[in-house]
A.B. asks: 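Mind looking over this structure? Questions follow.
So that the names make sense, note that chain A is the first sequence line, chain B the second, and so on, each numbered from 1. As the structure is a computational prediction, the values presented were derived from the model and not from experiment.
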Amino acid sequence: MLRTNTCGELTIKNVGQIVSLCGWLARARDFGGMTFIDLRDRYGITQLVFNSETNKELYEQAKKLGREFVIRATGDVCERSNKNLKIPSGEIEIIVNKLEILNESKTPPFTIEDESDGGDELRMKYRYLDLRRTSVKNNLLQRHKVGQAVREYFDANGFADIETPFLIKSTPEGARDFVVPSRMSQGEFYALPQSPQTFKQLLMVSGFDRYYQIVRCFRDEDLRADRQPEFTQIDCEMSFVEQEDVLQMFEGMVKHIFKKVRNLDLPKFPRMTYANAMKYYGVDKPDTRFEMKISELNDVVKGKNFKVYDDAELIGGICAKGCAEYTRKQLDKLTEWVKRPQIGAGGLGYIKYNSDGTLKSSFDKFFDEPSLKKIAEKFSAKQGDLILILAGAETKTRKALGELRLEMGNKLGLRDKSRFECLWVVDFPLLEWNEEEQRWFAMHHPFTSPKKEDIDWMYNGYTEKNSSHAPKANAYDVVINGVEVGGGSIRIHNKELQQQMFKVLGLTKEETEQKFGFILNAFEFGAPPHGGIAFGFDRLCSMVISNEDYIRDYIAFPKNNSGRDVMLDSPSPIDEKQKKELGLK
RNA sequence: GGACUGGUAGUUCAGCUGGUUAGAAUGCUUCCCUGUCACGGAAGAGGUCGCGGGUUCGAAUCCCGUCCAGUCCGCCA
């Protein structure tokens, strides 16, 4: 070993020892006679001292070192005369008597400090330098801890980690596949898995009744701050279980992670139906750190000759506590915000519940005071509160109300970074009717089982397209602070029902056989009842570690917005020769 | 596919209602400094103002196009 210790471990207890340290020169402070050097490695920073009075030659040598030089220093651990209590090693320093340059370094293009001066693009291009910074480095080390906690939990509960292939078969339904050309079967392609879904189900058929995998998945869709083309899932499946068993088991996993990584004891996760989530929060992943629930106002605002509301499918609102003092300017700004194409509301109505008890609304012309009061009662609004109202087509308005709720939550500082509110959203719809393609789509995926009471509909009712009856699924999501971190379902394990599902989804017999024959065949050989869940590992990490929904700084080498790796400059063209070999030319 | 924001020194940004020599901070180089820890002080180098076109006597600044980056909508079962 070139070193006896790391830069993070020496303290006052080590005074008197002779040590060798290796690391990168983080910063040098030269006093023209003596020089201090902060030596950095993964574990921390230790100060080296060079004094011209005691060792002139070494001092001159140290002066020549540049930032990020890799050096090896040997010397005595000494107590400092001026201590720095801000860092763990701040009570000691190394009086160096031997210095070795292991490698020189060009001056890095940005400063490698906790708060770097580098922009995103540059940091991504030199990601290996960015990873030297404490914040990103710690994210990755914490991510490792999350992974360890997961494996620990699964191992203790009898789950087996089994690998599944990456070169698989393209399937219809779901996200766009990444595709790999086959050299040996020219003109044919493998697909990279969007998730190991079918494999884990086949493992259940094989009898591995508790399976998990921390595994890469690939989806060729547009990206976001919280979405990468390749991302990691904690993929899990269990046999001989009902929904309740799955919920219990994986709630336990999330709790175990928070305990191990953040030393937090989370309370039992509340359950909320999808229907209620949409009704009260306008999304299927409610941020329950604050209330401000959506109230439907159809029964109290219709019939007042206010055309906007009389014509609207849904009128709903939220009550922002203590915002009655909002100025015209602030309200105009909010109105502008809800009218942005991304939100798409027609306008914004409001009622101010003034501190003197009077009510002032944006539609006073049509509503008398008692009518306004009636609306205010819906929210249990108090003096000083502001009620914000949106109206329009039902789905769009609910969504917009959900967005407005989050925006007000942000403005009022109700989305507390130090809090974690986890919940299960249950009873998701099984299918969604797609107007454009005039067919049903699986909301979760086509292997999700319908609720018992909807099985008959699967055979006899599904042709009544977009009927008022929406079949429900044994499907569930874990939501933390408004972020969907995982989702799963109890699967179909019966061949006939699975075939029927494909039929409902509009696949022909031939397509079904060609694309999914393997799993239907497997179901003929004793498939056990089973179900599972998959967690977005990157998202879970970013939430657990920093309570944020931006995953790039939790991935060592992420891709940018357009799916490019700016460090490698990939994707890139390939040789004509390669193309020819693959039958692409 | 769409909306919005940004692109100026190595870096982060200011300048942008058109007008002498495009600034600041930081980093870098040199010098001074023996207890700093974001050390301090002095001097210096460093710019195709993303790219192309247009308007104008004159464009970093206005207009059009284009590329790149970021956030969001669509999309992501």
Side-chain angles (χ1 to χ4, degrees), chain A residues 26-40 45-54 59 63 66-68 78-87 89-91 93 95 106-126 129 171-177 194-195 197 217-229 231 336-337 339-344 396 399-400 403 428-432 434 436 440-448 473 475 477 484 487-489 501 505 534 536 549-550 552 560-564 566 569:
Chain A
R27 178 171 254 125
R29 292 175 292 277
D30 181 15
F31 283 81
M34 72 185 305
T35 278
F36 300 101
I37 284 175
D38 288 341
L39 190 67
R40 177 189 63 234
I45 282 184
T46 296
Q47 178 167 284
L48 311 177
V49 191
F50 299 84
N51 196 322
S52 59
E53 264 177 22
T54 43
Y59 165 78
K63 269 179 86 160
R67 268 165 65 205
E68 300 307 317
C78 297
E79 185 171 359
R80 291 197 201 179
S81 53
N82 283 351
K83 292 179 181 173
N84 178 2
L85 299 176
K86 281 186 253 172
I87 59 172
S89 70
E91 290 189 89
E93 61 195 357
I95 310 281
K106 293 211 301 197
T107 303
F110 53 89
T111 59
I112 298 174
E113 281 160 13
D114 293 4
E115 291 296 326
S116 173
D117 64 2
D120 280 357
E121 204 179 341
L122 200 68
R123 292 199 294 116
M124 285 306 167
K125 185 168 177 192
Y126 297 93
L129 296 180
T171 54
E173 293 283 315
R176 200 175 289 118
D177 285 317
Q194 298 172 23
S195 84
Q197 182 60 33
C217 302
F218 307 86
R219 291 179 192 175
D220 189 5
E221 296 291 346
D222 286 359
L223 307 174
R224 291 283 190 282
D226 63 341
R227 283 183 351 210
Q228 285 275 301
F231 62 100
E336 215 170 279
W337 187 85
K339 284 168 100 168
R340 281 162 51 225
Q342 278 90 336
I343 307 291
K396 199 173 177 182
K399 231 190 120 183
E403 296 282 354
F428 273 80
L430 181 70
L431 301 162
E432 279 176 309
N434 182 301
E436 228 167 274
W440 291 105
F441 271 82
M443 188 149 177
H444 185 52
H445 57 51
F447 310 103
T448 300
D477 276 0
E484 180 201 326
S489 61
M501 172 61 90
L505 294 175
D549 194 12
Y550 177 88
R552 273 174 227 169
N560 75 3
N561 233 12
S562 358
R564 297 199 67 86
V566 293
D569 193 25

A.B. asks: Would you say the base of B:G70 and the side-chain of A:N560 have a donor-acceptor pair closer than 3.5 Å?
C.D. replies: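 Answer no: no donor N or O sits under 3.5 Å from an acceptor.
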
A.B. asks: Please determine if a side-chain N or O atom of A:R224 lies less than 4.0 Å away from the OP1 or OP2 oxygen of B:G70.
C.D. replies: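 The answer is no; no side-chain N or O of A:R224 sits under 4.0 Å from OP1 or OP2.
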
A.B. asks: Nearest nucleotide by nearest heavy atom, which residue falls closer to the 5' end of RNA chain B, A:A175 or A:R340?
C.D. replies: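 Taking each residue's closest nucleotide, the earlier one in sequence belongs to A:R340.
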
A.B. asks: Searching all strands shown, indicate the nucleotide that pairs with B:A3 (Watson-Crick or G-U wobble; both distances under 3.5 Å).
C.D. replies: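 Partner of B:A3: B:U71.
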
A.B. asks: Using only side-chain N and O atoms of A:S562, determine if any of them is under 4.0 Å from OP1 or OP2 of B:A69.
C.D. replies: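 Yes, such a contact exists.
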
A.B. asks: Taking A:R40 first and then A:E68, would you say they form a salt bridge - that is, a charged N and a carboxylate O separated by under 4.0 Å?
C.D. replies: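 Yes.
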
A.B. asks: If each of A:A225 and A:R564 is mapped to the nucleotide of RNA chain B with the nearest heavy atom, which maps nearer the 5' terminus, i.e. the 5' end?
C.D. replies: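 With A:A225 and A:R564 compared, the 5'-side residue is A:R564.
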
A.B. asks: Would you classify A:D220 as touching base, sugar-phosphate or nothing, given that sugar-phosphate means primed atoms plus P, OP1 and OP2, and contacts are heavy atoms under 4.0 Å?
C.D. replies: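 Answer is nothing: A:D220 stays at 4.0 Å or more from every strand.
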
A.B. asks: Heavy atoms only, 4.0 Å cut-off, all strands: where does A:G119 land among base, sugar-phosphate and nothing?
C.D. replies: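 The answer is sugar-phosphate, as A:G119 gets under 4.0 Å only of primed atoms, P, OP1 or OP2.
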
A.B. asks: Please state the C1' separation for the pair B:C63 and B:C16 - nearest whole angstrom.
C.D. replies: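 Going atom to atom, C1' in each nucleotide, I get 14 Å.
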
A.B. asks: Between B:U36 and A:R27, is there an OP1 or OP2 to side-chain N/O distance shorter than 4.0 Å?
C.D. replies: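 For A:R27, the contact criterion (side-chain N or O under 4.0 Å from OP1 or OP2 of B:U36) is not met.
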
A.B. asks: Using side-chain heavy atoms (C-beta onward) and a distance below 4.5 Å, is A:Y126 in contact with A:P108?
C.D. replies: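 Side-chain contact under 4.5 Å: no.
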
A.B. asks: If the cut-off is 4.0 Å, is A:K106 near the phosphate of B:G10, judged by side-chain N/O to OP1 or OP2?
C.D. replies: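 For A:K106, the contact criterion (side-chain N or O under 4.0 Å from OP1 or OP2 of B:G10) is not met.
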
A.B. asks: Would you call A:K63 and A:F50 a side-chain contact if the rule is heavy atoms closer than 4.5 Å?
C.D. replies: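 With C-beta onward as the side chain, the pair stays apart.
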
A.B. asks: Quote, to the nearest angstrom, the P distance that separates B:C51 from B:A60.
C.D. replies: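 The answer is 11 Å between these two P atoms.
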
A.B. asks: Is there side-chain contact between A:L129 and A:I112, with heavy atoms separated by less than 4.5 Å?
C.D. replies: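 When only atoms from C-beta onward are counted, A:I112 and A:L129 do touch, with a gap below 4.5 Å.
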
A.B. asks: If you compare every side-chain N and O of A:R29 against the phosphate oxygens of B:C33 (OP1, OP2), does one of them come in below 4.0 Å?
C.D. replies: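 Result: no.
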
A.B. asks: Can you say whether a donor on the side chain of A:Q342 sits under 3.5 Å from an acceptor on the base of B:C72, or the other way round?
C.D. replies: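 Flag set: donor-acceptor pair detected.
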
A.B. asks: Should A:N82 be listed as having a side-chain N or O under 4.0 Å from OP1 or OP2 of B:C37?
C.D. replies: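 Negative; the distance criterion is not met.
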
A.B. asks: Do A:R552 and A:N561 touch side chain to side chain, with heavy atoms closer than 4.5 Å?
C.D. replies: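 They are in contact (side-chain heavy atoms under 4.5 Å apart), so the answer is yes.
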
A.B. asks: When you measure from the side-chain N and O atoms of A:R67 to the phosphate of B:C28, is any distance below 4.0 Å, counting only OP1 and OP2?
C.D. replies: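 Indeed, a polar side-chain atom of A:R67 lies that close.
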
A.B. asks: Check this for me: does the side-chain of A:R227 come within 3.5 Å of the base of B:C76 through a donor and an acceptor?
C.D. replies: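 Indeed, a donor on one side and an acceptor on the other fall under 3.5 Å apart.
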
A.B. asks: At less than 4.0 Å, is any side-chain N or O atom of A:K339 found next to OP1 or OP2 of B:C4? Yes or no.
C.D. replies: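 So the side-chain polar atoms of A:K339 never come under 4.0 Å of the phosphate oxygens OP1 or OP2 of B:C4.
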
A.B. asks: Between A:R29 and A:D38, is there a salt bridge with N-O shorter than 4.0 Å?
C.D. replies: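 A salt bridge is present here (some side-chain N lies under 4.0 Å from a carboxylate O).
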
A.B. asks: Look at the side chain of A:D222 and the base of B:C75, then say whether one donor and one acceptor between them are separated by less than 3.5 Å.
C.D. replies: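 Donor-acceptor pair under 3.5 Å: no.
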
A.B. asks: Look through every strand shown and name the nucleotide pairing with B:C57 as Watson-Crick or G-U wobble, where both distances are under 3.5 Å.
C.D. replies: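 B:C57 is paired, partner B:G19.
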
A.B. asks: B:C37 base to A:R80 side chain: any donor-acceptor pair below 3.5 Å?
C.D. replies: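 In this structure, the two groups form a donor-acceptor pair.
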
A.B. asks: Return no unless some side-chain N or O of A:R123 is found under 4.0 Å from OP1 or OP2 of B:G70.
C.D. replies: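 False: A:R123 side-chain N/O out of range (4.0 Å or more) of B:G70 OP1/OP2.
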
A.B. asks: Side-chain N or O of A:N51 versus OP1/OP2 of B:U34: is the shortest distance under 4.0 Å?
C.D. replies: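 Checking B:U34 against A:N51, no side-chain N or O comes under 4.0 Å of OP1 or OP2.
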
A.B. asks: Expressed in whole Å, how much space separates the P atoms belonging to B:A22 and B:G50?
C.D. replies: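 Nearest-Å result for B:A22 against B:G50 at atom P: 15 Å.
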
